[in-house]
Amino acid sequence: MSRDSNTILLRQQYTGEPRQAAHAFYQARGLYFGLVPDATDPAQQFLEAVLLRTLARPHPQIPAPTPARTFFGLRGVSPDIDTLVLWPHPDHLTQLLGRILPVRTDSAIAGVPGLRARPHPSRTDTLLLARPGHRAHLTLRARPAALQHAEDHILAAGLEPLWSTRTSQPGERQAWESLARTLPPEETALWSRALRRAGLHTGQAPDWTRSAPEPGQLDGPKPQRIAARPVGPAGGPARGIVAVTSARGQAGLGCTTTALTLAGALARTGAKVAFLGADDPNGLHRILEPTTLQPGQWHDLLPDLPGPGTLRGMIVSPSAPNAAELLADAARGHDTVVLDAGATFQLRHLAGHADAAVVLTDLDPEVWGSTEILDRRPAWVQMWDWLNTRYLTARARDPHSQLLRLLDETFEMYVWDRVSDDNADVYDADDPADTAAWWDDFQSDPEGEGEEDEPLSFPEDIDAELLDIWRQDFLAFLAREGAIRHPETWGAVAAVWIDHNRNLDLPGSTGDETLVEEVLREAAPTAIARWGEQTWQEHHPRWAAAGAHSRKDSLTPWQHLIEEAIQPADPAATARFLLAHLNRPDDTPIALAIAHVDNALDNEQHHLAALRDTLRAEGIPAFTVLPDLHDHPARGETLQFLSHPSDREAAAANRLALVVGDLLANRTRP
């Protein structure tokens, strides 16, 4: 038997998957990410952990006998980098779905809260399992008809299945958050790994009803042979040059960040990786400052990288006559070359020399789909929130309230300055420019309209009588200029400001009762029509009596009942938009990547799969999304974060590395 056959059999021992699935993984990945890779994305890892713990500890009301000779009803799994295929035992599929999908029992929500199952857009024998609004997902080899059988199974037990609706039902979010609080990260990693190594226990599932899996239970027969290393028949990330560039040559999409994270992921697999970037201020010079990188010279970017992989970098001038030759030399001396082709003024002209390209683009969220807000808060809470918005908007437009707010904010600074250095002046009254600059702050900020103020903060040990003296000094200093600049409002504001400022932090104080009464008078007809006479009469006096900060704080405990649901647009329309804004390198296989996506895009796995299929039909072999990773704490100081094997950045880089590896391995160009 060949070594490859032995390796495939070893993977089957760990996973329990069919031979053709194990063979397909090995041919596509080799051992670059390990023969049985762990999940690196924290969200994916947590979903897998919750699913297995749910199977190991089913709710007593769920009718599901323990399946013999299976792994809690599974005959195997197919783990890949942050994706996992579940292979159910055909005799236990109905019971398996009844255990993992959410069900309302007499005392709690059983199953995985919020989990939903939908048919795969391009496979009739597959279901996609995900929680709407979350990027983690699982694939289950089962036909859609199995969902109806599972629903009949649960209904026959007198319980309520919750998975038939797209959005989460009352209690599901709280149940999920409770799991998040009670499942520590180290235990999460063990549960996830145990699921990914289901084949070790298909003969007899362990008793994990009271304790989590232990590392020794998950080592398997040959842990050293399943570790990541740069070997394999198809080579994982195959040899070649991959360029990272933008769709229309525009800057600002994060080409350098994407190229570096991709290079780091490839180096972590054990490959010898070269990184080439332009000598512009936004490239390696910015990221590694104050390290000086000399153009045309190699620099070790990750000297402490664990394992056999290496990552070296070189700065190339876009105008260098030998730039193409440097690129070719790099390809001869490394497994993979990552070219930060970037924008038009960087190295984009070299993208034509690459074997594959990652092309970054952006996407208007409206093109992707519409967002539906689901507000399940009690009627009075919704009304308070609505009144808060109306009040803040009215106050932002009311000159009287604006001037009161200006005095409050500047008096706070005045107090701290006076405590520190006894500076009693707000501005230099003899300097017209300084005076004008201070009073110009009175002009309202249109972008700040409707925003809540932070509470005033004074030194804790300051005497209240002294504060009153300082309020009088402060107001007296401003009086002459205030009356000149704001003749219509200054007198009324000056008459009430000291009492207003003194009472701001008292319970029930609003500081501008007249404005509150005006807001309530105008809001009453709409509020009564929307929430009813009884809700209005009972709760609007309480809202009026509460202080501004109390109104805001009282809504916080209800925020979890507000959810967003994405209603995706037609994948064909989204694909047309992306293709219309794409200027691809000639004759180079590309992966189209949407940059800086928010969770709404990244989480819609069902729609991503449909869009991927649509783009493939249009000649785009690969499609992916990249979350916004620009705020990594290490960036700007060191590249050491590129060696981290498991965090959000590593997970995104690993997914991209798989896409690139497929492109390079399957390229058709000479």
Side-chain angles (χ1 to χ4, degrees), residues 1-39 44 48 51 67 69-93 96-97 117 119-129 137-146 193-203 220-222 225-229 231-238 269 605 609 612-613 616 621-622 654-655 657-659 661-668:
M1 184 178 291
S2 69
R3 191 179 73 173
D4 287 354
S5 296
N6 286 330
T7 302
I8 292 170
L9 285 174
L10 181 61
R11 176 171 162 96
Q12 285 186 277
Q13 280 186 269
Y14 277 87
T15 65
E17 67 191 318
R19 180 176 174 80
Q20 69 271 20
H23 182 268
F25 171 86
Y26 185 53
Q27 285 297 106
R29 309 287 182 242
L31 295 177
Y32 275 89
F33 291 97
L35 189 61
V36 189
D38 288 330
Q44 180 71 25
E48 294 173 7
L51 184 133
R69 307 297 298 174
T70 71
F71 185 70
F72 302 107
L74 294 169
R75 60 188 178 100
V77 298
S78 292
D80 204 335
I81 298 297
D82 293 324
T83 63
L84 183 66
V85 179
L86 307 177
W87 297 88
H89 192 287
D91 295 339
H92 303 289
L93 174 58
L96 177 71
L97 287 170
H120 193 283
S122 60
R123 292 187 62 113
T124 59
D125 64 343
T126 300
L127 297 173
L128 288 177
L129 306 179
H137 64 287
L138 303 163
T139 304
L140 179 72
R141 287 289 189 260
R143 296 185 180 277
R193 173 175 287 185
L195 179 59
R196 287 172 166 255
R197 300 182 180 186
L200 297 177
H201 302 289
T202 51
K222 298 178 180 178
R225 284 193 57 194
I226 67 170
R229 56 188 187 274
V231 296
T269 69
Q605 297 299 330
R612 187 175 290 111
D613 292 341
R616 189 177 293 117
N654 288 344
R655 291 196 297 268
L658 293 182
V659 170
D662 288 341
L663 284 178
L664 292 175
N666 298 313
R667 65 186 184 273
T668 57

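We number each residue from 1, following the sequence as shown.
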Novice: If every non-hydrogen atom of L96 is compared with every non-hydrogen atom of G73, which pair is closest and at what distance?
Specialist: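 Taking every non-hydrogen atom into account, CD2-O, 4.3 Å.
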
Novice: Evaluate side chain to side chain contact (heavy atoms under 4.5 Å, CB included) for R197 paired with D38, printing each intermediate quantity in order.
Specialist: CA-CA 9 Å; R197 300 182 180 186; D38 288 330; 4.3 Å; yes

Novice: When rounded to the nearest 0.5 angstrom, what is the spacing between CG in L138 and CG in L195?
Specialist: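 L138 atom CG to L195 atom CG measures 7.5 Å (nearest 0.5 Å).
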
Novice: Minimum heavy-atom separation for R75 and P88, please, with both atom names.
Specialist: NE-O, 3.4 Å

Novice: Do P37 and F25 come within less than 4.5 Å of each other through their side chains, counting heavy atoms only?
Specialist: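 When only atoms from C-beta onward are counted, F25 and P37 do touch, with a gap below 4.5 Å.
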
Novice: Is R11 positioned over the aromatic face of Y26, cation under 6.0 angstrom from the ring centre and no more than 45 degrees off axis?
Specialist: no

Novice: Could you give the distance from CZ (F71) to CG (L86), rounded to the nearest 0.5 Å?
Specialist: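 Rounded to the nearest 0.5 Å, the CZ-CG separation comes to 10.5 Å.
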
Novice: Which pair of heavy atoms, one from R616 and one from P621, lies closest together, and at what distance?
Specialist: NE-O, 3.9 Å

Novice: To the closest 0.5 Å, what do you measure between OG1 (T83) and CZ (R655)?
Specialist: 10.0 Å

Novice: Considering residues, nucleotides and ligands other than R141, do more than 12 of their heavy atoms fall under 6.0 Å from its CZ?
Specialist: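 Counting other residues, nucleotides and ligands, CZ of R141 exceeds 12 neighbours.
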
Novice: Any side-chain heavy atom of R196 within less than 4.5 Å of one from L84?
Specialist: yes

Novice: For K222 and L35: C-alpha separation, side-chain torsions, deciding distance, then whether side chain to side chain contact (heavy atoms under 4.5 Å, CB included) applies.
Specialist: CA-CA 11 Å; K222 298 178 180 178; L35 189 61; over 6 Å; no

Novice: With a 4.5 Å limit on heavy-atom distance, are the side chains of V85 and T126 in contact?
Specialist: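 Result no, sub-4.5 Å side-chain heavy-atom pair not found.
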
Novice: Can you check whether L200's main-chain N or O pairs, donor with acceptor, with Q13's side chain at less than 3.5 Å?
Specialist: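 No: the side chain of Q13 does not pair with the backbone of L200.
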
Novice: Measuring from atom CD1 of I226 to atom CG of L31, what distance do you get when rounded to the nearest 0.5 angstrom?
Specialist: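 One gets 10.0 Å once the value is rounded to the nearest 0.5 Å.
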
Novice: What are the two closest heavy atoms between L74 and T202, and how far apart are they?
Specialist: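 Result for this residue pair: O-CG2, 4.3 Å.
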
Novice: Apply side chain to side chain contact (heavy atoms under 4.5 Å, CB included) to L658 and D80, showing your working.
Specialist: CA-CA 10 Å; L658 293 182; D80 204 335; 3.8 Å; yes

Novice: Does atom CZ (R69) have a neighbourhood of more than 12 heavy atoms from anything else shown, all under 6.0 Å?
Specialist: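 Atom CZ in R69 is not packed in, count stays at 12 or less.
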
Novice: How long is the straight-line distance from CG of L127 back to OG1 of T139, given to the nearest 0.5 Å?
Specialist: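 If I round to the nearest 0.5 Å, the distance is 9.5 Å.
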
Novice: Mind listing the closest non-hydrogen atom pair of W87 and S78 along with its distance?
Specialist: NE1-OG, 2.8 Å

Novice: Can you establish whether the number of heavy atoms outside H120 located under 6.0 Å from its atom NE2 is more than 12?
Specialist: yes

Novice: What pair of heavy atoms forms the shortest contact from P79 to T15, and how long is it?
Specialist: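 Shortest heavy-atom separation between P79 and T15 comes out as CD-CG2, 3.6 Å.
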
Novice: Main chain of Q12, side chain of E17: is a donor-acceptor contact present, judged purely on distance under 3.5 Å?
Specialist: no

Novice: Between CG of D82 and CD of E48, what distance do you get to the nearest 0.5 Å?
Specialist: 8.0 Å

